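Report on the structure given below.
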Amino acid sequence: MYVVKSPLSDANLKTVSEALQGALVDLVDLSLVAKQIHWNVVGPRFRSVHLQLDEVVTVARSHSDTVAERAAALGVSPDGRAATVAVGSGIGVTPEGWVDDTAAVGALVDALGAVIARMRERVTSTEEADPVSQDILIAVTADLEKQRWMFQAGNG
Ligand SMILES: [Fe+2]
C-alpha cells in the first residue's frame, strides 16, 4: 500500500482532518439537497429558482472536490460515501415531493445557513493547525455566503 505522508503534526492533522471531512460531508449533502429542490420546485418563480439551485450544485460539487483533495494531500482518506454523508451532514431533512418556490428558497437559505455556521467553526479551528487548509475553507465559506445572499435577496 502506498502511503501519503502528512506535513502536519499528529495533533494538527487530527484537527484539520476533522474539519475537512466535515466540510466534505456538508458539501456533498448540499449538492444533493440543491438538486432535489431543483427537480421539485414549482410556482411562478420556477425558472429563476430552478436555475439558481444549479449554481449551488456547481459550487458545492466544485468545493467538495477541492476539500476532499486537500485531505488526500495531507495523507487523510476522504470519505464521501452516501452512508457517511447521511450520518454526518449538518443539513436537516429535506421535505419529500413538490415544493413551492418560496419554500424552496427558504429551504436553501436554511441549508446554506447550517453549512455556513459549521464552516465558520472550521475556519476558526484550522487557523493555527493549518492556514493552508483554512484558506480553502475561507474560500468555501465566502462562496456559500454569496449563494445565501442571492437566495435571501429574492425572498422578502
Ligand atoms: Fe437540471
Side-chain angles (χ1 to χ4, degrees), residues 1-39 41 48-94 104-156:
M1 178 82 84
Y2 295 98
V3 175
V4 181
K5 287 198 176 148
S6 176
L8 302 181
S9 70
D10 287 350
N12 285 347
L13 184 60
K14 182 172 187 298
T15 300
V16 174
S17 63
E18 285 173 5
L20 292 172
Q21 176 60 34
L24 172 60
V25 162
D26 280 349
L27 289 165
V28 170
D29 198 27
L30 181 63
S31 74
L32 296 174
V33 167
K35 266 298 186 195
Q36 171 68 16
I37 302 176
H38 170 85
W39 296 320
V41 64
S48 65
V49 175
H50 177 75
L51 295 176
Q52 200 174 351
L53 283 158
D54 253 356
E55 280 187 34
V56 175
V57 174
T58 301
V59 165
R61 283 182 180 167
S62 168
H63 283 315
S64 66
D65 194 52
T66 304
V67 161
E69 290 180 357
R70 177 63 189 160
L74 292 175
V76 177
S77 164
D79 187 353
R81 295 174 297 171
T84 305
V85 172
V87 169
S89 170
I91 303 173
V93 176
T94 304
V105 172
L108 254 291
V109 170
D110 290 348
L112 285 162
V115 175
I116 287 164
R118 284 154 62 99
M119 286 296 176
R120 281 189 165 270
E121 287 174 11
R122 293 172 188 128
V123 166
T124 302
S125 73
T126 53
E127 182 174 7
E128 297 282 321
D130 182 22
V132 180
S133 296
Q134 187 203 35
D135 187 58
I136 290 170
L137 294 166
I138 288 171
V140 171
T141 307
D143 277 351
L144 297 178
E145 291 181 350
K146 181 179 177 182
Q147 289 297 322
R148 185 173 59 165
W149 154 55
M150 291 194 284
F151 280 101
Q152 283 181 321
N155 241 21

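This one's a predicted model, so the numbers in the text were calculated from it and none came from an experiment. Starting from 1, each residue takes its place in the sequence as its number.
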What are the two closest heavy atoms between [X] and [Y], and how far apart are they?
X	Y	answer
Ala114	Gly90	CB-O, 3.6 Å
Leu8	Ala129	CD2-O, 3.9 Å
Ala19	Ser125	CB-OG, 4.2 Å
Ala60	Leu27	CB-O, 3.5 Å
Ala111	Leu30	CB-CD1, 4.3 Å
Gly80	Val85	O-CG2, 4.0 Å

For [X] and [Y], indicate whether the former's side chain and the latter's backbone hold a donor-acceptor pair under 3.5 Å.
X	Y	result
Gln36	Thr94	no
Gln21	Asp79	yes
Ser17	Leu13	yes

Q | Verdict with supporting geometry, Asp26 and Arg118, side chain to side chain contact (heavy atoms under 4.5 Å, CB included) | A | CA-CA 9 Å; Asp26 280 349; Arg118 284 154 62 99; 2.8 Å; yes

Q: I would like to know whether Leu53 and Phe151 meet side chain to side chain contact (heavy atoms under 4.5 Å, CB included); could you show each step before the answer?
A: CA-CA 9 Å; Leu53 283 158; Phe151 280 101; 4.1 Å; yes

Could you state the interatomic distance from [atom1] ([X]) to [atom2] ([Y]), rounded to the nearest 0.5 Å?
X	Y	atom1	atom2	answer
His63	Arg70	NE2	CZ	15.5 Å
Thr141	Gln134	OG1	CD	9.5 Å
Leu137	Glu121	CG	CD	12.0 Å
Leu24	Glu69	CG	CD	10.5 Å
Arg148	Leu108	CZ	CG	12.0 Å
His38	Leu51	NE2	CG	7.5 Å

Q.
Between the side chains of Lys146 and Glu55, is the shortest nitrogen-to-carboxylate-oxygen separation below 4.0 Å, so that they form an ion pair?
A.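 Salt bridge absent between Glu55 and Lys146.
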
(Q) Determine whether Ser31 and Arg61 satisfy the following criterion, side chain to side chain donor-acceptor pair (under 3.5 Å), listing intermediate values before the conclusion. (A) CA-CA 6 Å; Ser31 74; Arg61 283 182 180 167; 4.6 Å; no

Q) Are any non-hydrogen side-chain atoms of Val105 and Val109 less than 4.5 angstrom apart? A)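 The answer is yes, as the side chains (C-beta and beyond) meet within the 4.5 Å cut-off.
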
(Q) Are the side chains of Val115 and Leu112 in contact, using a 4.5 Å heavy-atom criterion? (A)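 Side chain of Leu112 against side chain of Val115, heavy atoms only: no contact under 4.5 Å found.
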
(Q) Does Asn12 form a side chain to side chain contact (heavy atoms under 4.5 Å, CB included) with Asp130? I'd like the steps, not just the answer. (A) CA-CA 7 Å; Asn12 285 347; Asp130 182 22; 6.0 Å; no

Q: Go through the steps to decide whether Leu74 and Leu20 satisfy the test side chain to side chain contact (heavy atoms under 4.5 Å, CB included), and finish with yes or no.
A: CA-CA 10 Å; Leu74 292 175; Leu20 292 172; 3.9 Å; yes

